[in-house]
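Before any comments, here is the structure.
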Amino acid sequence: MNLKSLFSIAAAGLMLAACQNPEGKTLGQVSDASKADSLIYYFGQMSGADYQRKADSDTTLATDNARKEYISGVKAGLNAIKAGKDTYNDGLMMGMQIAMNMAQFKKDYGVTLSNKVYLESLAEAISSDSLGNPQKMQQEFYRIMSEFNREKELRDSEAASEALAKAAAAKNMSKISDNLYGNVAKNDGEKLKDGDNIKLNIKITDTNGKTVKAPMPSTLTIGRRMKESPLNEAFLSLSSGQNGVFLSSAQALFGPRCTQLGLQPDDVLTIDMTPTIEEPQDAAGQ
């Protein structure tokens with residue numbers, strides 16, 4: 001992406017950021033600045049405002065060390081671009097993108113991908129007189145990815161089960177199922193069963209007591225939507241209107257989606273719920 005397109009795309013958003021950061025320097029405070037210096041100065045100020053906004057929601061960015069690392073990375077990027085060498089610059093951008101993807105892959109799967117193999121395969125494909133079969137390549141790629149995903153899911157499940165059992169033992173909670181622990185008091189109310197339509201009052205919190213912002217239904221039929229979830233086992237252990245407090249893991253409750261909620265698979269979560277059988281409308285109206 002060239003500078004002209006970069007400025008055009010970023011202008012609206014960065015100008016808004018500047019308006020939200022009124023403490024930036026004014027043009028008069030930029031000593032001996034040419035028009036070009038002033039332009040890029042304000043662009044830098046607005047980019048900094050954008051970083052500050054991100055730091056407001058991600059405190060790891062607010063440290064002095066993080067700021068220095070960020071500036072160092074920006075400097076390396078500025079010095080890496082070669083004016084008039086569009087093909088090289090395109091390759092540079094691709095290389096940085098692939099490097100970040102490889103770093104994320106190592107974080108997610110614990111596997112280091114080879115720069116050497118990637119470059120060799122890329123050079124081979126670019127230099128080949130004939131194109132490979134895209135459909136076959138995609139099939140192989142996704143086949144191997146599915147194997148990595150299965151292995152990761154198994155590791156995550158084992159780690160989650162271990163963390164859950166340890167946390168339950170510390171709270172003297174009994175095992176209800178492989179992924180659910182709790183101590184349910186005896187109750188003479190109507191026992192919940194599969195097929196019951198219930199109203200659900202539920203709160204899920206992490207180990208710090210912070211509410212997990214996951215969409216949960218306010219009404220449901222037991223045994224349908226959540227048949228494989230620990231929540232279903234929790235329902236069946238309670239009577240209508242009875243409150244229950246349980247422990248489960250982020251992996252068991254949300255599966256791969258747990259990372260989208262800011263959770264790790266082995267995070268232990270507390271479930272505080274009160275399910276109540278919903279009376280049929282005709283019976284309720286009598």
Problem set entry | Lys199 and Leu220: CA distance, side-chain angles, deciding distance, side-chain contact (heavy atoms from CB on, under 4.5 Å) verdict | CA-CA 7 Å; Lys199 294 180 180 178; Leu220 59 90; over 6 Å; no
For this session: Verify salt bridge (Lys or Arg N to Asp or Glu O under 4.0 Å) between Glu120 and Lys116, making sure each step is shown before the conclusion.
Result: CA-CA 6 Å; Glu120 288 176 349; Lys116 181 175 181 291; 2.7 Å; yes
For this session: Any chance you could lay out the side-chain contact (heavy atoms from CB on, under 4.5 Å) test for Met216 and Leu231, step after step, and finish with the verdict?
Result: CA-CA 11 Å; Met216 299 297 295; Leu231 293 178; 3.3 Å; yes
For this session: Mind running side-chain contact (heavy atoms from CB on, under 4.5 Å) on Asp90 and Met93 for me, showing each step along the way?
Result: CA-CA 5 Å; Asp90 286 344; Met93 297 298 288; 5.6 Å; no
For this session: Show your reasoning for whether side-chain contact (heavy atoms from CB on, under 4.5 Å) applies to Leu261 and Phe254.
Result: CA-CA 9 Å; Leu261 299 171; Phe254 303 115; 3.8 Å; yes
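In terms of modelled atom types and a separation under 3.5 Å, the side chain of Arg67 and the main chain of Ala62 share a donor-acceptor contact. In this structure, Ser128 contributes its side chain and Ala125 its backbone to no donor-acceptor pair below 3.5 Å. Put simply, the side chain of Ser72 never gets that close to the backbone of Lys68: no donor and acceptor are under 3.5 Å apart. Distance alone, capped at 3.5 Å, is enough to place a donor-acceptor pair between the Asn89 side chain and the Lys82 backbone.
For Met94, the CE atom is loosely surrounded, since the number of other residues' heavy atoms within 6.0 Å does not exceed 12. Within 6.0 Å of atom CD in Glu228, 12 or fewer heavy atoms from other residues, nucleotides or ligands are found, so the atom counts as exposed in its surroundings. Taking a 6.0 Å sphere around CZ of Arg155, one finds it holds more than 12 heavy atoms contributed by other residues, nucleotides or ligands.
At a threshold of 4.5 Å between side-chain heavy atoms, the hydrophobic network of Ile, Leu, Val, Met, Phe, Trp and Tyr places Leu247 and Leu269 in two separate groups. Cluster membership for Ile204 and Met226, using ILVMFWY side-chain heavy atoms within less than 4.5 angstrom, is shared. Under the 4.5 Å side-chain heavy-atom criterion for Ile, Leu, Val, Met, Phe, Trp and Tyr, Ile202 and Met173 are members of distinct hydrophobic clusters. Cluster annotation: Phe141 is connected to Ile98 through the hydrophobic network of ILVMFWY side chains, with a link wherever side-chain heavy atoms come within less than 4.5 Å. Cluster annotation: Leu253 and Leu200 are assigned to the same hydrophobic cluster (Ile/Leu/Val/Met/Phe/Trp/Tyr, side-chain heavy-atom contacts under 4.5 Å, transitive).
Side-chain contact between Asp156 and Lys152: present, with at least one pair of heavy atoms (C-beta onward) separated by less than 4.5 Å. Contact check for Phe246 versus Met273: side-chain heavy atoms found under the 4.5 Å cut-off. Thr276 is listed as a side-chain neighbour of Ser240, based on a closest heavy-atom distance under 4.5 Å. You'll find the side chain of Gln264 stays beyond 4.5 Å of the side chain of Gln251, heavy atoms only. At least one side-chain heavy atom of Leu192 sits less than 4.5 Å from a side-chain heavy atom of Ile198. Side-chain contact between Asp267 and Cys258 is absent, with no heavy-atom pair separated by less than 4.5 Å. Lys191 has its side chain within reach of Ser239: a pair of non-hydrogen atoms, C-beta onward, lies under 4.5 Å apart. Side-chain atoms of Lys75 and Asn79, non-hydrogen and from C-beta on, do get closer than 4.5 Å to each other.
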Output side-chain donor-acceptor pairs under 3.5 Å for residues 99-106, partner residues at least two apart or in another chain, one line each.
| from | atom 1 | to | atom 2 | distance (Å) |
| --- | --- | --- | --- | --- |
| Asn101 | ND2 | Gln97 | O | 3.4 |
| Gln104 | NE2 | Asp108 | OD1 | 3.0 |
| Gln104 | NE2 | Asp108 | OD2 | 3.3 |

What donor-acceptor contacts under 3.5 angstrom involve side-chain atoms of residues 158-172, with partners at least two apart or in another chain?
| from | atom 1 | to | atom 2 | distance (Å) |
| --- | --- | --- | --- | --- |
| Ser161 | OG | Ser157 | O | 3.0 |

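Legend: ring pair (Phe, Tyr, Trp, His ring centres under 6.0 Å) pairs involving residues 149-203, not counting sequence neighbours: none detected. Counting only residues at least two apart or in different chains, side chain to side chain donor-acceptor pair (under 3.5 Å) contacts with residues 204-222 comprise Asn197-Thr221. For residues 60-96, the set of pairs meeting the ring pair (Phe, Tyr, Trp, His ring centres under 6.0 Å) definition, not counting sequence neighbours, comprises Tyr51-Tyr70. Within the structure, side chain to side chain donor-acceptor pair (under 3.5 Å) contacts touching residues 54-64 (residues at least two apart or in different chains) are Asp58-Thr60.
Listed by chain and residue number, Asn183 satisfy the side-chain hydrogen bond (donor to acceptor under 3.5 Å, both in side chains) test with Ser174 (two or more places apart in sequence, or in another chain). Qualifying ring-ring contact (aromatic ring centres under 6.0 Å, His included) partners for Phe235, counting only residues two or more places apart in sequence or in other chains: none. By the side-chain hydrogen bond (donor to acceptor under 3.5 Å, both in side chains) test, Glu147 pairs with Arg143, sequence neighbours left out. With sequence neighbours excluded, no residue forms a side-chain hydrogen bond (donor to acceptor under 3.5 Å, both in side chains) with Asn115. Partners of Tyr142 by ring-ring contact (aromatic ring centres under 6.0 Å, His included), not counting sequence neighbours: none found. When the side-chain hydrogen bond (donor to acceptor under 3.5 Å, both in side chains) test is applied to Asp266, no partner is found at least two apart in sequence or on another chain.
The two residues Lys175 and Asp178 come nearest to each other via the heavy atoms NZ-OD1, 3.3 Å. Counting all heavy atoms, side chain and backbone alike, Pro230 lies closest to Ala252 at CD-O, 3.5 Å. Residues Asn187 and Gly189 share a closest heavy-atom pair of OD1-N, 2.6 Å.
Atoms CD and CG, from Glu124 and Leu119 in turn, are 12.5 Å apart once rounded to the nearest 0.5 Å. Interatomic distance, CG of Leu180 versus CG of Asn232, reported as 10.5 Å (0.5 Å rounding). Distance NZ/Lys85 to CG/Leu92: 14.0 Å, rounded to 0.5 Å. The NZ atom of Lys203 lies 10.5 Å from the OG1 atom of Thr270; values are rounded to the nearest 0.5 Å. Atom CG of residue Asp196 and atom NZ of residue Lys193 lie 4.0 Å apart, to the nearest 0.5 angstrom.
For Asn243 and Thr274, the side-chain atoms include at least one donor-acceptor pair closer than 3.5 Å.
A salt bridge links Lys227 with Asp194: the distance from a Lys NZ or Arg NE/NH1/NH2 to an Asp or Glu carboxylate oxygen falls below 4.0 Å.
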